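Contents: one structure, followed by commentary.
For clarity, every value in this text was computed on a predicted model and none was experimentally measured. In this chain, numbering begins with 1 at the start of the sequence shown.
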Amino acid sequence: MKKLLLLLVSVFFLQGCANRRKPAEKAPPVRIVLSDLDKDGEAEVVIENDYLKLVALLPQGKGVEKYDTRFVWGGCITDVISKPTGLNHVIGKYYRDGDIDWNHPHYLGLPDQFEKRVSLDATEVMQSELLIGVGILARQKSPTGKWSKWTLAKTAPWTFQVEDRADGGKTARFTQNLTTDYGYAYELTRRIRVEPESSVFRIETTLRNTGNKPIHTDWYLHPFFAYGGYGGECWQEIPLSIGEKTGARTESYALPTMQSPGTVWGWLTSPELGGESWFATGGGGKELFFAARWDFPLLRLRNWLRGHTYAIEPFTKIDLPPGKDSTWGMDIILGSGMSRVAHVNRHGAFDARMPKADQFEILFMPTTPIAKGNIHIRIESQDGVGIFDETRKIKNCEAGATRRIPVDVLLPDESPVRVQVTVTEGTAKRMQAARIINPQKAVPGPPAKRLAGKRVLIVSDSNDRTRRNELLYLCAALRREGASIESASPAKLPALSPFDAVVLLSATGLDFGDLRRYVESGGGLFATAPFDISLRPLLPIDGIPERIEMTDRPKMPERSGDPRAENIPALRNHLVPGIEHPIHQGLPLYPQTYQSIGTFYRVKAKRDSAVVLRYSHGSSPALVIDSKKRIAAFMSPLAWGEPPHWILWGAFSEYHRELMTRIVIWCCGGEKGT
């Protein structure tokens with residue numbers, strides 16, 4: 001009987017053990033899996049840790065129907081997601097943000113490109129070129145003399161492997177080998193490295209010349225951001241050392257380009273960036289940001305915005321003899337709790353600001369957790385005299401989250417001060433950075449809704465892409481100030497009397513009789529060049545406008561891969577004050593800000609007019625207003641930038657937007673324009 005009871009107890013005990021749940025296996029700190037997210041038969045690579053999630057492409061069987069012939073698609077990151085916020089920091093294909101409406105399948109994420117192609121063969125009827133990371137492109141000339149589109153004549157698949165790291169991290173490695181019949185060959189490798197408990201990841205590229213001819217090209221990152229959508233609120237931070245900032249004592253002079261003077265439109269070189277190598281961007285009404293820091297010699301930095309997206313693009317030059325290789329990389333930092341950034345490294349981001357006249361606020365965001373550490377804060381005058389010097393303890397700092405540290409200090413005057421921060425954890429130095437703060441020249445945001453209750457009609461040719469982009473841009477700027485906006489083509493104007501002002505971006509086919517009666521009755525008119533000949537009698541200018549292109553500067557081919565000589569500010573055309581006027585009061589004009597105007601029209605002003613702005617080249621009138629009527633004429637197109645003109649639409653355009661808004665406010669009857 002005892003044996004039977006023992007047997008029954010043993011059976012129930014073993015059965016209970018079998019039914020008991022096994023302890024859940026802890027997920028590895030970094031995970032890399034292949035998953036066909038778009039269900040097209042070709043897998044994508046998903047890389048994640050507890051903080052971030054990335055999606056990268058792995059081209060194998062698919063061709064141009066999916067990947068096009070432009071960017072390096074192997075290892076191209078299409079999505080950069082911050083898990084604590086759920087935000088996709090780029091316009092991503094697989095995990096789009098709900099506020100973004102962008103459907104183009106190719107222009108997404110963080111693609112990169114070897115911009116300068118290698119010519120392989122060229123005849124009068126056929127051409128072939130090597131585009132590294134893509135393959136051999138070819139085109140033919142038809143009997144009628146028209147070249148066909150570039151097609152992909154030869155490519156190579158990408159191989160993929162996962163590399164484990166000693167720190168628990170992982171590296172996703174993508175490799176492509178391509179050999180041509182012309183002596184050119186290469187091995188291209190991209191590595192995406194993710195570490196445990198970290199809000200930073202690294203993208204690293206290696207190009208090896210395996211052929212018998214040298215390779216000369218240039219490479220650039222081509223990100224796609226849309227934090228606030230087209231015309232939405234966004235910011236970009238780039239460390240500038242130009243104009244009135246030249247000679248400032250600083251390791252890091254960060255400039256919030258949407259808020260402070262010193263704005264630059266167009267190309268930037270390493271000296272203009274103070275020799276630093278980072279940018280940051282964010283917005284959309286959230287204190288979230290994306291930052292990048294590169295470790296390669298900067299050829300130039302380009303900024304653009306178009307459609308729903310904008311980007312900041314660092315370039316580097318590559319010269320590889322046969323048998324040699326080159327490696328370059330970028331650290332990508334994701335964070336929250338900052339609306340501007342003064343310094344970035346792979347350990348974190350830093351900023352210093354003055355929320356009050358007698359208070360500084362130090363912000364520090366680590367990319368990995370800090371259990372216990374110290375932050376040393378020093379504030380000094382620009383001649384080195386100490387104003388504040390103190391070390392404070394910090395603890396339990398989370399990765400990707402900002403710690404705010406208030407500092408009460410009374411400044412001796414309103415002169416610029418230097419704020420230096422050093423963050424340490426144990427014996428390791430996590431960050432050492434500085435920022436110059438100029439309390440006297442802080443630029444406040446514009447007064448809210450300065451065009452509230454005003455109706456504005458914008459006349460533009462919607463069939464012209466440049467005019468259409470100008471229309472979108474100006475609509476966003478004026479609606480931001482509370483204006484009610486309507487648009488119309490020149491040939492189909494509505495009744496003009498209900499509008500406070502009419503803005504002419506194009507005038508071909510316009511009924512000038514209606515417009516003349518409108519301005520004679522007190523309506524406001526703002527016209528931008530080029531001007532229809534029938535419009536000139538209404539404008540405060542004399543003579544036939546002479547179109548001038550800025551050709552007195554060195555020019556280089558777009559894909560030269562060489563430093564662009566036209567970065568010399570003195571050879572560009574800029575706006576300078578004419579008369580003192582509220583339209584430009586407080587705006588940083590040349591030499592504080594370089595506008596880089598590529599096209600303008602040389603005119604003379606009428607006697608009963610006033611020249612509010614002039615061009616720096618030849619002192620020709622730039623903005624002329626009628627002394628009796630509310631009529632303003634601007635002698636450049638709204639898209640005034642040097643080619644490519646769409647550089648203007650980047651976040652660098654804050655002061656361009658403010659200037660155009662003030663002109664419309666003046667045309668609507670605002671005496672001050674502010």
Side-chain angles (χ1 to χ4, degrees), residues 457-461 467 470 474 490 493 496 501-552 572-585 587 589-590 595 597-641 656 659-660 662-671 673:
L457 175 68
I458 303 178
V459 182
S460 178
D461 181 3
R467 301 287 88 79
E470 289 177 341
L474 194 57
L493 290 186
L496 300 181
V502 174
V503 180
L504 291 183
L505 301 181
S506 53
T508 303
L510 187 69
D511 186 333
F512 293 98
D514 285 349
L515 189 62
R516 183 180 298 107
R517 288 185 287 273
Y518 170 74
V519 296
E520 290 293 339
S521 64
L525 174 63
F526 174 29
T528 64
F531 306 113
D532 189 287
I533 192 169
S534 302
L535 179 65
R536 285 190 294 111
L538 288 178
L539 301 180
I541 58 175
D542 265 338
I544 298 177
E546 178 189 3
R547 180 183 172 94
I548 306 294
E549 294 282 353
M550 289 304 296
T551 57
D552 57 344
R572 292 173 169 173
N573 201 21
H574 317 289
L575 296 176
V576 296
I579 63 169
E580 288 295 325
H581 197 278
I583 283 179
H584 65 71
Q585 184 179 7
L587 289 180
L589 301 172
Y590 183 76
Q595 292 85 35
I597 298 173
T599 303
F600 71 99
Y601 288 76
R602 184 177 291 152
V603 299
K604 293 182 179 180
K606 289 180 178 178
R607 290 184 179 180
D608 55 350
S609 66
V611 179
V612 177
L613 293 171
R614 295 184 180 274
Y615 294 110
S616 60
H617 278 250
S619 297
S620 175
L623 175 63
V624 185
I625 61 174
D626 193 295
S627 298
K628 298 178 181 179
K629 302 181 181 69
R630 293 188 286 129
I631 302 175
F634 190 69
M635 300 305 123
S636 286
L638 192 66
W640 70 36
H656 175 273
L659 172 61
M660 297 301 158
R662 289 188 185 187
I663 296 172
V664 174
I665 291 172
W666 181 85
C667 291
C668 286
E671 293 299 319

Inset, instruction - Please lay out, stage by stage, how Arg467 and Glu470 fare under the test salt bridge (Lys or Arg N to Asp or Glu O under 4.0 Å). - result: CA-CA 5 Å; Arg467 301 287 88 79; Glu470 289 177 341; 2.7 Å; yes
Legend entry - Pair Ser620, Tyr601: side-chain N/O donor-acceptor within cut-off below 3.5 Å: no
Legend entry - Donor-acceptor pair between Ser616 and Asn573 side chains, under 3.5 angstrom: yes
Please check this pair: side chain of [X] against backbone of [Y], looking for a donor-acceptor N/O pair closer than 3.5 Å.
X	Y	answer
His584	Gly578	no
Thr528	Phe634	no
Ser609	Ala605	no
Arg630	Gly522	yes

Could you measure the distance from the [atom1] atom of [X] to the [atom2] atom of [Y]? Nearest 0.5 Å is fine.
X	Y	atom1	atom2	result
Arg536	Ile541	CZ	CD1	7.0 Å
Ile625	Leu539	CD1	CG	13.5 Å
Leu457	Leu525	CG	CG	10.5 Å
Ile458	Ser460	CD1	OG	8.5 Å
Leu575	Met635	CG	CE	12.0 Å
Ser534	Leu515	OG	CG	11.5 Å

Closest heavy-atom contact between [X] and [Y]?
X	Y	answer
Leu496	Tyr518	O-CE1, 3.2 Å
Ala633	Pro540	CB-CD, 4.2 Å
His656	Leu638	NE2-O, 3.1 Å
His581	Val612	CB-CG1, 3.8 Å

Do the non-hydrogen side-chain atoms of [X] and [Y] ever get within less than 4.5 Å of each other?
X	Y	value
Thr508	Asp461	no
Pro621	Val624	yes
Val603	Asp542	no
Pro530	Pro545	no

Inset, instruction - Please assess Leu493 against Val502 for the test side-chain contact (heavy atoms from CB on, under 4.5 Å), listing each intermediate value before the final yes or no. - result: CA-CA 11 Å; Leu493 290 186; Val502 174; over 6 Å; no
Inset, instruction - Begin with the C-alpha distance, continue with both residues' side-chain angles, and end with the deciding distance and a verdict on side-chain contact (heavy atoms from CB on, under 4.5 Å) for Val459 and Leu505. - result: CA-CA 6 Å; Val459 182; Leu505 301 181; over 6 Å; no
Inset, instruction - Could you walk me through whether Val576 and Leu613 pass the side-chain contact (heavy atoms from CB on, under 4.5 Å) test, one step at a time? - result: CA-CA 6 Å; Val576 296; Leu613 293 171; over 6 Å; no
Inset, instruction - Pick out which of Trp640, Tyr590, Phe600 makes a ring pair (Phe, Tyr, Trp, His ring centres under 6.0 Å) with Tyr615. - result: Phe600
Inset, instruction - Begin with the C-alpha distance, continue with both residues' side-chain angles, and end with the deciding distance and a verdict on side-chain contact (heavy atoms from CB on, under 4.5 Å) for Ile597 and His574. - result: CA-CA 6 Å; Ile597 298 173; His574 317 289; 5.9 Å; no
Legend entry - Check: Trp666 ring centre within less than 6.0 Å of Phe526 ring centre: no
